[in-house]
Amino acid sequence: MTEVAATPAENTRLQRTLGILRDVMVRPSGAIGLTLVTFHVILAVISPWIVPYDYKAMNSLLMLNGPSGAHWLGTDHLGRDVLTRVLLGGREALLVTGVATPIAVIWGGLLGIFFGLVGGRLDEVLMRVVDAFLSLPWILKMLVLIVTFGTGIEVLIPTLAFFYGIPVIRIARAATHDVVARDFVSAARARGHGRITVIRRELLPNVLDTLMVEGAMRWSWMLLAFSSLSFLGFGVSPPTPDWGLMIADARGFMSFAPWGVLGPVIALSSLIIGINLTADALAKALGIDRAQKAPV
Amino acid sequence: MSALIDIRDISVGFVGRDGRTREVLRNIDLAVAPGECVGLVGESGSGKSTLALAAMGYLKRGLRLLNGSAVFSGTDMFAQSRRELERIRGGQLALIPQNSGQSLTPTLRIGAQLGEALRLHSALPADQHAAKVVELLGHVRLPDPEAIVARFPHELSGGQQQRVAIAMALAGEPEALLLDEPTTGLDVTTQAHILELLRDIAADRGMAMVYVSHDLGAIARVCTRVVVMYAGEVVLEGSTRHVLKFPTHPYAQGLLASIPKLDDSALPIALDGRPPAPGDAGAGCAFADRCALVQDRCRSTRPQLEASESGGTVRCFFTKEAGRQQGQIIGAAPARFSGGDTMLDLDGLAISYARPRLLDQLLGRGTDVPPTVDDISISIGKGETLGLVGESGSGKSTILKTIAGLLPPAAGAVTAGDQSLPHMVEHRDPGQLRQIQLIFQNPDDSLNPRHTVADILEQPLKLYFGLTGGKLRARSAEILERVRLGAHYLDRLPSQLSGGEKQRVAIARAFAAGPEIVLCDEVTSALDVSVQAAVLDLLNDLKRSQGTTYIFVSHDLAVVRALSDRVAVLYQGRLCEIGQTDQVFEGESHPYTKVLLGAVLEPDPDAAPTLAADDIVERAPPASGCPFQRRCPRRLGEICDTDTPPWQSPEAGHFIRCHISLEDLNVD
C-alpha cells in the first residue's frame, strides 16, 4: 500500500462557510444587506446603553415637536423622544422573530423532508392540508390564536413559528424531491447504505442550503408580520417601544408631524431590505435558484 | 463572391476574479459565403459556440468584445441598435439551439409560436400566416402538420421539437442559419433524419450555415468546410475532405483518432491532457502540452495561421511531420473474453412501470398494460462485456437498475455467481451488494456536490471493508492512482474537477468495492470525445487487470463495438438480437439493428447514412407480435402484429428474433 501523508483538507466545513461568506460579501447586494442586518442587530443589543432619553418619559410641553438639537427626530404625541424609541423599537421584534425563525425552519424543514421521502398517498393528502392552510389569509389565522391565548412573547413566538413553518414544509419537500431524484442518492442506495446514512450524508447537506436561504426569507416576512400585529395592537403592548406600534400611534398626526412615522418606517424597511438583500446574495452564492418563491 | 458572414480579427474575453482579462476567442477570422456550410469543431471550452453566437452580435453574459468585428450581410452586428439586431436575428440570420425542447414556450401551442415568428419576421400578410405555418411544418417533414399546429411542445418528441425549431428559424426566410449542436442528445436515427433535412434545406434555399458540433460525424455529413478550434484559436481550416481525411494539425489528428469507428473494433486513442483555461495559453502554441510532435520552438513561439497545400490554413510549425504521422496511430486491441463460467444470469426478466388501476387493485386483478421491459434472458460469462444498445426508451437503463436492485422486476430472476439475488437492494447481503456496482451517465449527478473525492471513495471502503483512519486514506489514494488521478485529488470537490476527472472518480468509487460485475450506464455520453477515449481505455484496463464483468449500456454503437464481447439489441424493452460483437455488426441482422447501424454517422465525408425507418417515437410497446412492427422497413404483414417472432440462429451464439427467414434477412 502506498503511504499518503494526511494533507490538510482543502475543503473543510469552516473553509466552505468562509468561502460562502466571501461570496456573499463580494456581491453588492450581499455587502449592503449584511451591513444593514449587522448594524440593526448590534444596535438592538447595545441601544439601552446609548439612548439619549428614557423611552417612557412623557413631557406635555414637548408634544409633537419637530426635529431639533435636543430631539434629533422630534417628539411624539406624548412628548417622548422619537430617536430613543426608534433605537429601542426593534428589540422586541428581533428577539421574537430571531427565536421563532429557527424554530419555524427546523420543524417545517423536518416535516417537509419527511413528506418528501415518504411520498405516495400520505404525502399527497398532507400536502393538500398544507395548501388549504396556506390559502387562508395569515392575519386571520394569527388573530384567532392571539385572541384565544392572549398576546405576549410566550404566545407570539410559538404562533409565528407555527405559521411560518408551514410554507417551509413546501420548500423542504420540493428540495428533497429534487435531491432524491439525483443519481448520487441512487448510487448510495445501490451500495447498500442504510436509510439514515443516505439521509444524513447525501440528502441533508444539499437540502440545508435551500433551507438556509428560505430561513432568511421567512425572517423578513416574520418581521413584517410581527410589526403588523403590533400596528394592530396585538403585538407589543405600550409603553414598550416598537416600530409597528409607533407607526400606529403617529399615523394620526402624519400630516403635520411626519417625523413620528418616518423614523420607525425607515428603521423597519432598512432591516427588511437588508435581510432580503442578504438572502438574495446567499442564494446566489449557494447557487440556488430563487425563481420559485414561496407563496405566503 | 463576397462573404455573407464576415468575422474579422475578433477577440472576446472576460475579466477574471484576479482582474486580468482572459480571452475566450483570440483574433479569429471567419468568412462564410452564401450557400456555404461551415462546421466549427473542437472540445468543450474551445470557443466554438461563442464564435457562432458572435456572428449574430451576441455575447454570453460576462463576455465582451475586445477586438475585431462581425459583419453580416454588410451590417456590423456589434455596432447596431438593439432594435435593429432584433430585426436581423431570427429574420435574415436565425439560430437553432441545442435543446429546442427548452427553447420552445411550454404553454403556447406550436401554431401560435410559429405564428409569432412569422408576425415578427415575415413580409406575408397576416391572413396567410396560418397556411404558411402548416407549410413550414410540412417543410421540415413533420407528419400531419395540421395536427401538430394544435399541439403543445411537451406532446412532441425531442426530434419533433427540433424540427419545430428549424421551422421557426425558416419562418423569416433567413439567408444564414447558425446551428449550435442541433442534434446532440437525440437518438441516432433521429439525428440522421434531422441532418438530412438540414442538408436538403441548405441545398434548396442556398442558405449559408454555421454548424457548431463536437460530433465530426455530423459535420462530415452537412458541412463543406471545417474550422477546427482549440483554446479560442483556429488551428486548422479547410475542406471537409481534407480536414477529416488528411488532417495536417496534430490536434485534429488526435481528435479524429479519439473517435471510435463503427467498422473497427480497436479502442480509440485518447488525447491526453486538457486544453489550457482561457488566458493561460502562454507564449507558445496552445496545444504544445498535449502534442506528440512538440519541439522547443513550439513552447516559445506561437505559430501563425498559414496557407496549407490543400488550400486551407493551418497553425503549426510541423505540418509535414504531422501529415506523415497521420494514419500511423493505431488503437490498442481491447481485452477480449475467451470464455468462462457464468457470472450473471438474467432469466425471463420483466419490469413494469405501470401502476395498477385502483379498481384492478381492489379486485386483485393484474393490469393488462404490457410491461416496459419483457422477456429478457441473458447470461454473461465471468470477464465478459455485454453491450446493450437501443434508442432512448428502449429500457436499457431500466434493466441495469433492476440488476442493481433499485427497481423491482415484475417477473424473472437475477443470479450472480451461484446466488439468486433478492429483488431489492435492501434485502441483499453485503457480499451481494459489493459484487455489483453501478456507474451512472452523468458524474455531475452521481457525485454528491458537497462531498470531497476522499469522502466519495471512502464510502464503499468503510461500508464493505470496514477500513478506518490512515488505511482508509491510503487505500483511497491507491484507488485514485488506478484511475490515473493523483492523491492530491483527494481533497477536491466535484466542482473543482473537469468532466473526465469526475467520471474517473465515479469509476474509482465503483471499483473501490472490488466488484465482480460493473454496470455502466451511458458512462461516456456526457464527455468530450477525447475524454471518452480515455475513459474507455481505463475501463478496458480495469477489465484486463481485474477480470471484471461489464454490462455496457450506450446509444453509441461505435463505442459499444470498441468495448463489448457480445451485444444485445433492445427495442421497446424486448430483445431483438443478441450475439458476438462481430456477428451483430457484420453478419445477418435484425431489421432494427440494420436501421440503427445505417443511421450511424461516421467522420467521413464519403459515408452516407441509410434512413430505413421513420424516426417516430413510440410511447408503449404493442400488445402482441413483434415490438418493432410499427416502424419496421421490412414488415411482412399481419403475422408481425399477431405472433411473437421466433428466435433464429444463423451461427452459434447469434440469435435474431424475426419472422423473416435467415436467408431473406441476409438480402437487403
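Everything numeric in this text was worked out from a predicted model, so none of it was measured. Proteins get letters first, then strands, A, B, ... in listed order; numbering begins at 1 in each.
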In short, A:F184 meets B:S446 closest at the heavy-atom pair CB-O, 3.2 Å
What is the distance from atom OG1 of A:T197 to atom NZ of B:K462, rounded to the nearest 0.5 Å? 10.0 Å
Side chain from CB out, backbone as N, CA, C, O: work out which of these in B:R509 comes under 4.5 Å of a heavy atom of chain A, or both, or neither. side chain
Segment of B:D455 engaging chain A (4.5 angstrom heavy-atom cut-off): both
Around atom NZ of B:K401, are there more than 12 heavy atoms of other residues, nucleotides or ligands at under 6.0 Å? no
Apply side chain to side chain contact (heavy atoms under 4.5 Å, CB included) to B:V15 and list each qualifying residue two or more places apart in sequence or on a separate chain. B:T21, B:R64
Does the side chain of B:N448 pick up a donor-acceptor pair with the side chain of A:N206 at under 3.5 Å? yes
Not counting sequence neighbours, list each pair that qualifies as a ring-ring contact (aromatic ring centres under 6.0 Å, His included) and has a residue in residues 17-42 of chain A. A:H40-A:W243
Chain A interface, residue from B:P460, B:G405, B:A404, B:A506 that has the most non-hydrogen pairs under 4.5 Å: B:P460
Flag if over 12 foreign heavy atoms under 6.0 Å of CZ, A:R128: yes
Is there side-chain contact between A:D209 and B:R450, with heavy atoms separated by less than 4.5 Å? yes
Salt bridge between A:R189 and B:E426, side-chain N to carboxylate O under 4.0 Å? yes
Taking side chain as everything from C-beta outward and backbone as N, CA, C, O, which of these in B:L447 sits under 4.5 Å from a heavy atom of chain A? Side chain, backbone, both or neither. backbone
Between the side chain of B:D445 and the main-chain N/O of A:D183, is any donor-acceptor distance below 3.5 Å? yes
Pairwise side-chain contact, B:Q437 with A:R191, heavy-atom cut-off 4.5 Å (strictly under): yes
Pairwise distance CZ(A:R182) to CG(B:D444) - rounded to 0.5 angstrom: 8.0 Å
Between B:Q459 and chain A, which part of the residue has a heavy atom less than 4.5 Å away: side chain, backbone, both or neither? both
Ring pair (Phe, Tyr, Trp, His ring centres under 6.0 Å) partners for B:H451, two or more places apart: none
Just to be sure I understand the criterion: a residue of residues 22-32 of chain A counts if one of its heavy atoms is under 4.5 Å from a heavy atom of chain B. Which ones qualify? A:D23
Does B:F465, at its CZ atom, have more than 12 non-hydrogen atoms belonging to other residues, nucleotides or ligands within less than 6.0 Å? yes
